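Order of the sequence lines sets the chain letters (A, B, ...), proteins ahead of strands, with each chain counted from 1. Remember, it's a predicted structure, so these values are computed and weren't measured experimentally.
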Number of protein chains: 2
Amino acid sequence: MLRKVDKHSGIPAYIQIVNMIKAELLLGNLQKGAQLPTVRDLQNIFDVNINTVLKALERLKAEGYIEAEQGVGYFIKRDVDIDQKIIETIRECVSKLKEDRIDLYTAMLIFEEVWKNG
Amino acid sequence: MLRKVDKHSGIPAYIQIVNMIKAELLLGNLQKGAQLPTVRDLQNIFDVNINTVLKALERLKAEGYIEAEQGVGYFIKRDVDIDQKIIETIRECVSKLKEDRIDLYTAMLIFEEVWKNG
DNA sequence: AATAGTGTTATATAATTATATAACACTATT
DNA sequence: AATAGTGTTATATAATTATATAACACTATT
């Protein structure tokens, strides 16, 4: 689901946009051939300047995820398949953590640190 | 564990530093009263300029996690306790995901998206 | 042929992030 | 009193990020 970027997170807006679109690909919400909203719509969806949208799309294009057709639109170039088992593992973990009333930011800090160290 | 920042992640170095130190607090690796390495040591540990270290420490100080004593050093101001159950939940999840050969970046993208949407 | 709806390119400006460097101020030890 | 080891402040510079704005180029429909 594409939504406003968080302007206070410290993470550059164009990186957040890249991440959101990659997440849609991973979850199968955006599939090969699908057309993205127009750059001017994306500008509104993400609540950023058009140039910031273009910077994110440029990055995704360079990484081979999307392609542009001038005068027509942006399209998903390939599916990014992921084992459903992985998604289920993460869903369960998120579900448990939410029961414990922890917030996303804290959860991600621990997640990253445990991954890199533990 | 404090380590070099990732200069290619797109995330500002000072944010990465803040996050790493917060993660240490959450995992109990840094406890109330503990002294941080000197700013000049941190500069080497994180592989950034001293001003970038100071920017991160300033943020942590403003949020009440640490305090500075001029001429002496930086100290942890309070413990950030977290239910061990939460850490165990995350450890198990990370363990499963590593078995599936997924990478951290992909895992975190899914994690965040599932949290905000699923 | 005209037009509405796409993506594309360009210029200017400001804020933020990061580096390099130097000098200063305080504390604890010698 | 001197000194080594801390944090602190200041100045300059460059790259990156983000915005605002305008004009242009291509495609598909009317």
Side-chain angles (χ1 to χ4, degrees), chain A residues 2-22 24 30 32-78, chain B residues 2-22 24 30 32-78:
Chain A
L2 304 178
R3 36 184 146 50
K4 274 187 172 47
V5 301
D6 178 355
K7 304 207 172 182
H8 305 292
S9 74
I11 297 171
Y14 83 98
I15 296 281
Q16 293 183 51
I17 293 171
V18 166
N19 286 346
M20 269 191 263
I21 292 178
K22 280 185 181 172
E24 293 307 294
L30 280 174
K32 186 174 176 181
Q35 181 171 7
L36 288 176
T38 72
V39 292
R40 289 172 183 83
D41 281 349
L42 289 173
Q43 182 176 5
N44 293 322
I45 291 170
F46 296 127
D47 192 26
V48 296
N49 186 269
I50 193 171
N51 299 309
T52 303
V53 170
L54 290 175
K55 184 163 186 175
L57 295 178
E58 184 52 45
R59 171 74 67 94
L60 289 164
K61 195 164 70 176
E63 291 181 4
Y65 292 110
I66 64 176
E67 59 192 344
E69 276 187 62
Q70 187 168 5
V72 185
Y74 276 89
F75 298 88
I76 304 300
K77 203 170 171 183
R78 60 184 171 86
Chain B
L2 304 179
R3 35 185 145 51
K4 274 188 172 48
V5 302
D6 177 356
K7 305 207 172 182
H8 304 294
S9 73
I11 296 170
Y14 84 97
I15 297 282
Q16 293 183 51
I17 293 172
V18 166
N19 286 346
M20 268 191 264
I21 292 178
K22 280 185 183 172
E24 293 308 294
L30 280 174
K32 186 174 175 180
Q35 182 170 7
L36 288 175
T38 72
V39 292
R40 289 172 183 84
D41 282 348
L42 289 173
Q43 182 177 4
N44 293 322
I45 291 170
F46 296 126
D47 191 28
V48 297
N49 187 269
I50 192 171
N51 299 310
T52 303
V53 170
L54 291 175
K55 183 164 188 176
L57 295 178
E58 184 54 45
R59 170 75 67 96
L60 288 165
K61 195 164 67 175
E63 292 182 2
Y65 292 110
I66 64 175
E67 59 191 344
E69 276 188 61
Q70 186 168 5
V72 185
Y74 277 89
F75 298 88
I76 305 299
K77 204 170 171 183
R78 60 184 172 86

Distance in angstrom units between A/Arg59 CZ and D/dT17 C1', rounded:
12 Å
Round to a whole Å and report the spacing from CD of B/Gln16 to P of C/dT17.
13 Å
Separation of B/His8 atom NE2 from C/dA18 atom P, in whole Å?
13 Å
For A/Lys55 and C/dT16, what is the distance between atoms NZ and P respectively, to the nearest whole Å?
16 Å
What pairs of nitrogen or oxygen atoms, one from the protein and one from nucleotides 21-29 of chain C, lie under 3.5 Å apart?
from, atom 1, to, atom 2, distance (Å)
C/dA25, N3, B/Gln70, NE2, 3.3

Are any of A/Lys7's side-chain N or O atoms less than 4.0 Å away from OP1 or OP2 of D/dT19?
yes
Starting at the 5' end of DNA chain D, which residue's closest nucleotide do you reach first, B/Gly10 or B/Thr38?
B/Thr38
Any side-chain to backbone donor/acceptor pair from B/Gln16 onto B/Ile11? Under 3.5 Å, distance only.
yes
One pair to check against side-chain contact (heavy atoms from CB on, under 4.5 Å): B/Leu42 and B/Ile17. What are the steps and the verdict?
CA-CA 10 Å; B/Leu42 289 173; B/Ile17 293 172; over 6 Å; no
Whole-Å distance separating the CZ atom of A/Phe75 from the P atom of C/dT6:
11 Å
Salt-bridge criterion met for A/Lys61 and A/Glu58 (N-O under 4.0 Å):
yes
Let me have DNA chain C in dot-bracket notation, would you? Count Watson-Crick plus G-U wobble pairs, both distances under 3.5 Å, and use [ ] for pairs crossing earlier ones and | for inter-strand partners.
||||||||||||||||||||||||||||||
Starting at CG of B/Asn49, measure out to CG of B/Leu54 and round the result to the nearest 0.5 Å.
8.5 Å
Would you mind reading off the distance between A/Phe46 atom CZ and D/dA18 atom P, rounded to a whole angstrom?
13 Å
Taking for A/Leu54 and for B/Thr52 the nucleotide of DNA chain C with the nearest heavy atom, the one nearer the 5' end belongs to A/Leu54
Between P of D/dT16 and OH of B/Tyr14, the distance in whole Å
17 Å
Tell me: CD of B/Glu67 to P of D/dT6, nearest whole Å?
18 Å
